[in-house]
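Side-chain atoms are counted along with the backbone in the values below, which use heavy atoms only and exclude waters and symmetry mates. Chain identifiers are assigned alphabetically (A, B, ...) following the order of the sequence lines, protein sequences preceding nucleic acid strands; residue numbering begins at 1 within each chain.
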2 protein chains.
Amino acid sequence: MSNIKIPPPRPETRRRSPTGEPRSLGASEAVERQRVRARLLNAGVAPTIQRLEIGRIVFRGPIHISADELHQKLEASSFPVSRATIYNTLKLFVEKGLLREIVVSAERVYYDSTTDLHHHFYDVETGELTDIPAEEVTVTRFPPPPAHMTADEVEVLIRIRKSA
Amino acid sequence: MSNIKIPPPRPETRRRSPTGEPRSLGASEAVERQRVRARLLNAGVAPTIQRLEIGRIVFRGPIHISADELHQKLEASSFPVSRATIYNTLKLFVEKGLLREIVVSAERVYYDSTTDLHHHFYDVETGELTDIPAEEVTVTRFPPPPAHMTADEVEVLIRIRKSA
DNA sequence: TTGAATGCAAACGCTTTGCACTCGG
DNA sequence: CCGAGTGCAAAGCGTTTGCATTCAA
């Protein structure tokens, strides 16, 4: 019955220096930010600082990343972003077609920077995902969908494990 | 966040009256229990009453069911089983090869009574799953797995939606 | 008798939500 | 000034665990 409640701490309102981060940024970094910004604008997403930082990680190249991994990466970098914002942003990016959700394991959702249809190798032991371009898989035959349904996407998952 | 979808009931129990009222006795039920018991014993699972009741639901025919749906079914029947036992049992059944886990949506795990390799139609709106026998799909070509890895299973998921 | 199985409630991990604060146009 | 965005804490939800009780060999 009795619920052991942790006494509510009284944290101070968090404040971040508004502009404060850009240290010596190389030209390449500026270009990269510019590219991320363009991509966000193009998708109709307002390019806030947090979204740009998330985009810098997530749009760098093909990647499969969970919300928590992203959070840790941002912690590690000098630009922490709150969990709420990370979840909001990932969800937004998916809606806007900038990321794709992958659900292969029950414990967490992965976000895939490759948004067009493709397939995956899935290492059942480590959970690691490897992209397979759509052209490298051929599904020659499958039955018609149930009545009044149309096939939308055919997705192939190949479970792999260490060779014996 | 509210697709409490119920997998299509398989009305192929033709010995049951259309109203589906719980028979109080009958040779068929005894036979069914006997079959479930045999199946459990054969898999090295001690046939307790709860496991038999769960097996009666889950081994009746092709089914995709979540832990919670199973819990509700047992509540509805005259044989409630605690959540802990349901989760324990489903996990055990998977370990023993009596059920197969399906993860297509982040919100819950489904358990598939068909344990040999097969594929699925997945209704992206309702979450409903439909089995596709392995022979009805042909994957003719896919790239070799990464180094020191071997392909274990090739699983095809076909996302479907209502025809326009 | 004794280990396995069960069941309740509490704990847990991931994700979402409520709401006050901040920012930029 | 206002609406969009952010961040914290708390809530939510599915699942797991700790542990006392019950069952079955």
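One atom, CD of A:Gln72, and another, P of C:dG13, lie 14 Å apart when rounded to the nearest Å. Whole-Å rounding puts the B:Glu69 CD to D:dC13 C1' distance at 15 Å. Rounded to an integer number of Å, the gap from B:Ile65 CD1 to D:dG14 P is 15 Å. The separation between A:Ile54 atom CD1 and D:dG7 atom C1' is 12 Å, rounded to whole Å. Regarding B:Glu101, its CD atom lies at a distance of 16 Å from the P atom of D:dG14, rounded to whole Å. A straight line from NE2 of A:His71 to P of C:dC14 spans 12 Å, rounded to a whole angstrom. Taking atom NZ on A:Lys96 and atom P on D:dG5, their separation rounds to 9 Å, with Å as the unit. Between B:Leu92 atom CG and C:dG7 atom P the separation is 14 Å, expressed in whole Å.
Taking the six-membered ring where the residue is Trp, the centroids of A:Phe59 and A:Phe93 are separated by under 6.0 Å.
Within the 4.5 Å cutoff, the side chain of B:Phe142 has no heavy atoms near those of the A:Thr138 side chain.
Note on B:Arg108 versus B:Glu69: no salt bridge recorded, every NZ/NE/NH1/NH2 to OD/OE distance being 4.0 Å or above.
Remark: B:Ser82 is in phosphate contact with C:dG7, judged by side-chain N or O atoms under 4.0 Å from OP1 or OP2.
The two residues A:Val109 and A:Glu101 make their nearest non-hydrogen contact at CG1-CG, 3.8 Å. A pairwise comparison of heavy atoms in A:Val137 and B:Pro143 identifies CG2-CD, 4.1 Å as the closest pair.
Donor-acceptor pairing under 3.5 Å is recorded for the side chains of A:His120 and A:Asp112.
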> If the sugar-phosphate is the primed atoms plus P, OP1 and OP2 and the base is the rest, what is the B/S/- string for nucleotides 15-25 of chain D, using protein heavy atoms under 4.0 Å?
Replying inline: BBB------S-

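At the heavy-atom level, B:Ala46 lies under 4.0 Å from the strands shown only through sugar-phosphate atoms.
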